[in-house]
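Read the structure below first, then the notes.
Just so it is clear, the model here is predicted, and its values are computed rather than measured. So you know, we letter chains A, B, ... as the sequences are listed, proteins then strands, and number each from 1.
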Amino acid sequence: MKLSRYYLPTYRESPAEAEVISHQLMLRAGMVKKLAAGIYNWLPFGLRALRKVEEIIREEMNRAGAQEVFLPMVQPSELWKESGRWEAYGKELLRFQDRHEHESCLGPTHEEVIVDLVRGQLRSWRQLPVNLYQIQDKFRDEIRPRFGLMRGREFGMKDAYSFDADEPGAEKSYQGMYAAYSRIFARCGLEFRAVEAVTGPIGGKFSHEFMVLADTGEDTLAVCPKCGYAANLEKAEVKTAAKPETDPEQVLEKVHTPGRRTVEEVCAFLKLAPANLVKTLIFESDKGPVAAMVRGDRELNPNKLQGLINADRLEMATPERIQELTKGPLGFSGPVGLKIPIYLDQEVALLKNFITGANEPDYHLLNTNLTRDFQAAKIADLRVVVPGDFCNRCGSEYHFHKGIEVGHIFKLGLKYSKPMNATFLDQNGKEQFFIMGCYGIGTSRTVAASIEQNHDPSGIIWPLSIAPFQIYLLPINYKDERLRKVTDDLAAELEKLGLEVLLDDREESPGVKFKDADLIGIPLRILVGDKTLAKDSVEFKLRNQDKKELVLISKAAMAAKELILAQLEAISQKTDRIATQASKL
RNA sequence: CGGGAUGUAGCGCAGUUUGGUAGCGCGCUUGGUUCGGGACCAAGAGGCCGCGGGUUCAAAGCCCGCCAUCCCGACCA
């Protein structure tokens, strides 16, 4: 491909709208252009990267036994009413009416459609398991789209759905996808971790997120270097390092703390450390109001509380409700005399003589003690993990990473098959609901995440496997006849070998070409100039290394091919290693 | 939806305080000279100053309303 004919508008400066690096570079490198908030055009260069990611996904999904389908983006409301999500899904679901005033929506995900597709068609246990996937745009009317392609409203996604006859089968499907995902991200040339995650509104008992490691990632991962346990911070379990306190219990004492609501204010006023104080937080849930207690220097993890009480819904109580439930104002809540169930973080249970709110304005209690002064409904791990914490499984200290969620695999169980009445006949001729799983990969986000992970001040550094082109052929002066001849011949030879070449035939000064080459980040740059021709050579330079190397013109094409194959082989071997590890888990 | 900010040429910005009919850099066009890290000279093209209304002899600027975009919080691939 000749660059002079290629639609690749690059920019020296990054548009003001772009804050994160992947967004800036994708705009500057002419990969995408914004059409509206969270909605992007893909230009030829960006599309090539996206298609490569999709193709890797396709190959690995097929390899794992899944079959590709293509489902409509516009979906009728009836299906969503059947699953109950017409009401349950919030405003992210873009609803509209057609000319017949028929209610429809743009698909933010396709569970309903896929269940409708298979029910009545898959009738026998003999046909199971089945795993169907598609690569399609989703639309979610996010309140606030941001970070460019990282969180758009319309975005590319691969979604897969498995149907199994029994639990062991469903487990096997899940493991199959875990392995496939590991291969996919390894083949994309990305550093990633699979971590345990909270399931969110899609439901199910547990799930794994696939995280591309990048300092700019929104999520924090706790990874145990010893036993391999890894989890999103939203989920990560912690082993308590603290020892039980053995001080004798002191007399409960009410102390005046005028206007001191926050942990900092109370501690400063009483000249005590936050670890001596225990916060009492009041929540509303579908299981009724509950209280949760964590040390003053800790943060409650609401996901853990929600899991503990098995609630579908959990939110902080309003100041009014706190007044009603505790008889005291916000900021002065405490366990003593409280009539709602109290859940205690395991660390709190180790404390003696701690400070709590008195459930009346401007008073706290000194020397509060569990059992003597109040009872706990349950004691559990309820707090957010912090640096220095230890793995709950093996006791090693956690490592922390920042990550970008690019994939998520869920066990759905009967969540959709049951309300939508999707059944098959088992070996006993008995009607059963499908046991489902669903498995997503953000394709457009994966491209952005790759850039977040692999860039330098000059621009993008593509992993070879998803690079839009493999070779950037750069003649210093394409108007020079001799240079031009060598360049054209080499380009033809490279393309004949099946390599993807972008030839910079523009009438630009060398500096511009170098800058653009670095910006768009094609892995191998081959330079043709007077100096190299004087030695019957061209210059090879890899985007991810500083080293430059002269290669004889006569051997250049084969050398390029070998170099590229070697790199792809390295990725492939790494993929196999990672897949082997994944299968052991 | 709450808080903050910004809309002026394709991109980055100045001009708004103190109203007088729009400017800089990059990019683009033409000609010439250059050619190993965003070259140089010369000549050009390009703007409902986000939209609507108001004030005024006169509005990019002042007033009112709206819209869009970006950033910070609740969602998620």
### Task
Would you check if A:Phe514 stacks with the base of B:G38, given a 5.5 Å centroid limit and a 30° plane limit, both strict?
no
#### Entry: Any A:Arg144 side-chain N or O less than 4.0 Å from OP1/OP2 of B:C72
yes
### Quiz item: A:Glu508 side-chain donor-acceptor pair to B:G38 base, under 3.5 Å
no
## Note on the structure
A:Leu533 CG to B:G36 P, in whole Å, measures 13 Å
### 5' priority, RNA chain B, between A:Glu209 and A:Asn477 [closest heavy atom]
A:Asn477
### Message
Check this for me: does the side-chain of A:Asp530 come within 3.5 Å of the base of B:G36 through a donor and an acceptor?
### Response
no
### Query
Are more than 12 heavy atoms from other residues, nucleotides or ligands located less than 6.0 Å from atom CD of A:Glu507?
no
### Task
Quick one: look up who B:C35 pairs with, Watson-Crick or G-U, both distances under 3.5 Å, and put none if it's unpaired.
none
#### Entry: Whether A:His110 side chain and A:Pro72 backbone form a donor-acceptor pair below 3.5 Å
yes
### Task
Using both distances under 3.5 Å as the test, list the Watson-Crick or G-U wobble partner of B:U6, or none.
B:A68
### Query
5'-most contact on RNA chain B: A:Phe155 or A:Arg28, nearest heavy atom basis?
A:Arg28
### Query
Contact class for A:Phe147 vs. all strands (heavy atom < 4.0 Å): base, sugar-phosphate, or nothing?
sugar-phosphate
### Base paired to B:C62 (Watson-Crick or G-U; both N/O distances under 3.5 angstrom)
B:G54
### Salt bridge A:Glu59-A:Arg187, side-chain N to carboxylate O under 4.0 Å
yes
### Task
For residues A:Ile526 and A:Ile471, report the shortest heavy-atom separation together with the two atoms involved.
CD1-CG2, 3.7 Å
### Task
Return yes if the base of B:G37 and the side-chain atoms of A:Arg12 contain a donor-acceptor N/O pair under 3.5 Å, otherwise no.
no
### Query
Hey, does A:Lys138 reach any base, or is it just sugar-phosphate, or nothing, if we go heavy atoms under 4.0 Å?
nothing
### Message
Salt bridge or not between A:Arg140 and A:Glu154? Use side-chain N to carboxylate O under 4.0 Å.
### Response
no
#### Entry: Watson-Crick or G-U wobble mate for B:G44, both contacts under 3.5 Å
B:C28
### Task
Grab the CZ-P distance between A:Arg140 and B:A77 for me, whole Å please.
5 Å
### Watson-Crick or G-U wobble mate for B:A77, both contacts under 3.5 Å
none
### Query
For B:G23, which nucleotide in any strand shown is its Watson-Crick or wobble partner with both distances under 3.5 Å?
B:C13
### Nucleotide B:C1, atom P - distance to CD of A:Glu142 in whole Å
16 Å
